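Worksheet for the structure shown next.
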Amino acid sequence: MTSPVSLRPKVFVVDDDEAVRDSIKVLLEVHGLDVEDFASTDAFARDYRKPLRGCLILDQHLPATAGIDFLNSPAGRNLDIPVILITGRGDRTLEERARRAGVSVYLQKPVGQRVLLATIERVIAEGRAAEG
């Protein structure tokens, strides 16, 4: 027997800081979201499977591949979910690069829980509306 497909939105979290990933995961699971977390874009790209609904929360400053660089790579260009880019060291140039890379929402750290939850809800709803 195969397991049923979850109808809950899936949120993918890519951040090299384990404490950040864990805190986001707990917050989102408490609010009824399925969460998969990854320490790198390589791990995410290797394991990514398109969800029915969802989004990606992507840290910009990762050791191996920066968030925007990943989005501009072949694996990143093939994503079919909205992307929320989070950075602790951003500026207008980075924000513009993020927009050109297809980022749905650009957030500066620290990001409050309410802001993060509302942003996720909005991008998932927008993604659903775009489908049909």
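Keep in mind it's a predicted model, so treat the numbers as computed, not measured. Residue numbers start at 1 and run along the sequence shown.
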Calculate, to the nearest 0.5 Å, the distance between atoms [atom1] and [atom2] belonging to [X] and [Y] respectively.
X     : Y     : atom1 : atom2 : answer
Ile84 : Cys55 : CD1   : SG    : 4.0 Å
Phe38 : Leu56 : CZ    : CG    : 9.5 Å
Gln60 : Leu71 : CD    : CG    : 8.5 Å

When the side chains of residues 104-117 are checked against the rest of the protein, which donor-acceptor pairs come out under 3.5 Å, sequence neighbours left out?
residue: Tyr106; atom: OH; partner: Asp91; partner atom: N; Å: 3.4
residue: Lys109; atom: NZ; partner: Asp59; partner atom: OD1; Å: 3.3

Task: Over all atoms of both residues, closest heavy-atom pair of Ala98 and Ile68 - done: N-CD1, 3.6 Å
Less than 4.5 Å apart, any side-chain heavy atom of [X] and any of [Y]?
X     : Y     : value
Ile86 : Leu58 : no
Lys10 : Arg53 : no
Leu79 : Phe70 : yes
Ile57 : Leu85 : no
Arg97 : Leu94 : yes
Val83 : Phe12 : no

- [ ] Establish whether Leu27 and Val14 are linked, either directly or via other cluster members, by ILVMFWY side-chain heavy-atom contacts under 4.5 Å.
- [x] no
Task: Charged N-O contact under 4.0 Å between Arg92 and Glu95 - done: yes
Open item on the list: Given 3.5 Å as the limit, does a donor-acceptor pair link the side chain of Asp69 with the main chain of Thr65, or not?
Closed with: no
Open item on the list: Does His61 form a side chain to side chain contact (heavy atoms under 4.5 Å, CB included) with Thr87? I'd like the steps, not just the answer.
Closed with: CA-CA 7 Å; His61 301 284; Thr87 182; 2.9 Å; yes
Please tabulate, one pair per line, all N/O donor-acceptor pairs under 3.5 Å involving side-chain atoms of residues 15-26, not counting sequence neighbours.
residue: Asp15; atom: OD1; partner: Asp17; partner atom: N; Å: 2.8
residue: Asp17; atom: OD1; partner: Ala19; partner atom: N; Å: 2.9
residue: Asp17; atom: OD1; partner: Val20; partner atom: N; Å: 3.3
residue: Arg21; atom: NE; partner: Asp37; partner atom: OD2; Å: 3.2
residue: Arg21; atom: NH1; partner: Asp15; partner atom: O; Å: 2.7
residue: Ser23; atom: OG; partner: Ala19; partner atom: O; Å: 3.3
residue: Ser23; atom: OG; partner: Val20; partner atom: O; Å: 3.0
residue: Lys25; atom: NZ; partner: Asp37; partner atom: OD1; Å: 3.4

- [ ] Verify the distance criterion only: is there a donor paired with an acceptor across the side chains of Asn78 and Tyr48 at less than 3.5 Å?
- [x] no
Task: Name of the residue among Ile124, Val11, Asp34, Ile81 meeting side-chain contact (heavy atoms from CB on, under 4.5 Å) with Pro51 - done: Ile81
